[in-house]
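Okay, so here's the structure we're looking at.
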Amino acid sequence: AYRTVLDLAFRSRAPEIESEGRLFVKRDEEAGHHLLAVAAGLESMVLGEPEILGQVRQAADAAQAVGAAGPVLQRLLRAAAGSGRRSRAETSISTGAVSLGYAVVELSRNIFRELAEVRVLVLGAGETARLVVRNLLERGAGEVMVANRSPERAEALRSEVGGEGDRKLTVLPLDQRFEALASADVVVAATSAHEPLLTRAQVAAALDRRPLRPLLAVDLGVPRNIDPAAARLDNVFLHSIDSLQTLIDRNLKRRREEVPKVADIVGQELARFASWYRGLEVEPVVAQLQKQAEQIRRQELEQALAHFPPHLHEDLDRLTRAMVRKILHHPSTRLRSADAVHGLERLELVRDLFHLDEDEE
């Protein structure tokens with residue numbers, strides 16, 4: 001059955017999963033722990049990556065929609081969502097920029113009060129530029145202008161990440177970058193040009209044409225796209241790819257320090273699920289024990305009632321019912337609270353002592 005499911009669900013659609021390290025199988029508690037750790041961000045390539053929690057929720061919704069999630073899997077997926085929420089609310093596992101795209105967003109927020117009021121000029125339309133533009137738009141940047149030598153490549157970027165809005169993302173020829181710079185609050189350069197696309201004199205000229213306000217310049221080019229001397233201009237805050245990498249490394253270190261806290265949360269949520277799961281086996285035994293005790297109580301009471309006046313029958317019924325309930329209360333509680341190691345042993349012992357597995361017709 002496992003091989004059949006593997007062939008249908010994976011190999012037929014993604015043959016590359018056969019490659020070493022692409023496929024692994026976990027069972028029982030280990031599988032539950034892995035799912036909760038994934039939702040908490042501990043298993044992501046980027047530690048604490050926040051989008052994985054949304055993907056787990058989408059998977060849960062899809063499984064439920066097609067009837068592929070029974071009560072156990074639904075409960076486990078809820079535990080995973082709870083693990084992810086708590087990890088991000090109670091720790092710093094997802095705080096701080098750990099990618100170049102989000103680092104630009106974080107720098108912008110440090111300088112400008114509202115990202116929605118910020119106008120950004122991006123030079124380039126390659127992979128790095130795409131990541132920057134996507135992060136800016138997803139986090140609410142007011143307007144993003146993309147200037148690139150190849151208009152086709154810039155248009156491809158707009159169709160890929162433009163989302164709701166050509167009104168938020170505009171495309172310009174590269175030679176219009178100087179005019180656009182005069183109205184920009186942030187400029188991000190991410191090209192492979194061998195000569196600086198913005199010299200100190202060009203940045204100074206743009207500053208003369210704009211109101212007195214800061215300009216955040218982020219140079220992600222290799223080699224440098226913005227003249228380092230521009231950093232000496234008033235109101236210009238220039239960051240290189242090296243300074244962003246330092247910021248990212250510092251944030252990753254902070255996230256790694258949060259791993260023990262997140263691991264504790266995963267353990268707590270998994271323990272709650274395990275307790276509920278054990279209850280699936282415990283409750284039928286408890287119910288069977290109570291049913292057996294009630295049958296014995298009724299049989300003995302019916303035989304005894306003939307020796308008592310009718311007006312005492314109701315009191316005797318209430319008295320014997322309370323006695324049985326109190327006698328079974330402690331054993332039932334202990335069965336429900338048993339840990340995973342001793343729980344099954346206790347259940348087997350109770351079944352054996354009270355002959356619960358025997359038919360009682």
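Values in this document were obtained by computation on a predicted structure and should not be read as measured data.
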For K253, what residues pass the salt bridge (charged side-chain N to carboxylate O under 4.0 Å, His left out) criterion, not counting sequence neighbours?
E257
Short N-O contact, K291 and E294, less than 4.0 angstrom:
no
Between V285 and F354, is there a shared hydrophobic cluster once you connect ILVMFWY residues whose side-chain heavy atoms come closer than 4.5 Å?
yes
CZ (R139) with more than 12 external heavy atoms under 6.0 Å:
yes
Could E258 and R255 be called an ion pair, given the rule that one side-chain N must be under 4.0 Å from one carboxylate O?
no
Is a salt bridge present between E160 and R134, judged by a nitrogen-to-oxygen distance below 4.0 Å?
yes
With sequence neighbours excluded, residues passing salt bridge (charged side-chain N to carboxylate O under 4.0 Å, His left out) with R200
none
Is it true that R351 and E348 have a side-chain N and a carboxylate O under 4.0 angstrom from each other?
yes
Please check: side-chain N/O of H33 versus main-chain N/O of L270, any donor-acceptor pairing under 3.5 Å?
no
For S332 and L328, indicate whether the former's side chain and the latter's backbone hold a donor-acceptor pair under 3.5 Å.
yes
Report the residues that fulfil side-chain hydrogen bond (donor to acceptor under 3.5 Å, both in side chains) with D317, sequence neighbours left out, ordered by chain and then residue number.
R297, R321
With D28, which residues qualify under side chain to side chain contact (heavy atoms under 4.5 Å, CB included), at least two apart?
none
May I ask you to decide whether E90 forms a salt bridge with K261, counting only side-chain N to carboxylate O separations under 4.0 Å?
no
Can any side-chain N or O of R224 pair as donor or acceptor with the backbone N or O of S240 at less than 3.5 Å?
no
Is there side-chain contact between L172 and V146, with heavy atoms separated by less than 4.5 Å?
no
With a 3.5 Å distance limit and no angle check, can you tell me whether S44 reaches the backbone of L47 through a side-chain donor-acceptor pair?
no
Which atom of T320 lies closest to which atom of L301, heavy atoms considered
OG1-CD2, 4.1 Å
So, using salt bridge (charged side-chain N to carboxylate O under 4.0 Å, His left out) as the criterion, who are the partners of R27 when residues are at least two apart?
none
Donor-acceptor pair, distance only, cut-off 3.5 Å: does the side chain of E49 make one with the backbone of I52?
yes
With no hydrogens and no angle check, is any side-chain donor or acceptor of T95 less than 3.5 Å from a backbone partner on S92?
yes
Any Lys/Arg nitrogen of R318 or D315 sitting under 4.0 Å from an Asp/Glu carboxylate oxygen of the other?
yes
Apart from L319 itself, what residues make up its hydrophobic cluster, given side-chain heavy atom links below 4.5 Å?
M323
Donor-acceptor under 3.5 Å (S108 side chain, V104 main chain):
yes
Report the residues that fulfil side-chain hydrogen bond (donor to acceptor under 3.5 Å, both in side chains) with R254, sequence neighbours left out, ordered by chain and then residue number.
N251
Applying side-chain hydrogen bond (donor to acceptor under 3.5 Å, both in side chains), can you list everything that pairs with E283, at least two apart in sequence or on another chain?
R336
Considering only distance and modelled atom types, tabulate donor-acceptor pairs under 3.5 Å from the side chains of residues 113-120, sequence neighbours left out.
residue	atom	partner	partner atom	Å
R119	NE	E143	OE1	3.1
R119	NH1	S183	OG	3.2
R119	NH2	E143	OE1	3.3

Residues forming a salt bridge (charged side-chain N to carboxylate O under 4.0 Å, His left out) with D227, sequence neighbours excluded
none
List for me each residue that meets side-chain hydrogen bond (donor to acceptor under 3.5 Å, both in side chains) alongside Y277, sequence neighbours excluded, and say none if there are none.
none
Could you give the side-chain donor-acceptor pairs of residues 63-76 under 3.5 Å, partners two or more places apart or in another chain?
residue	atom	partner	partner atom	Å
Q74	NE2	A69	O	2.9

With no hydrogens and no angle check, is any side-chain donor or acceptor of Q202 less than 3.5 Å from a backbone partner on T199?
yes
side-chain contact (heavy atoms from CB on, under 4.5 Å) with L198: of N225, L121, D219, V187, only one passes, and it is V187
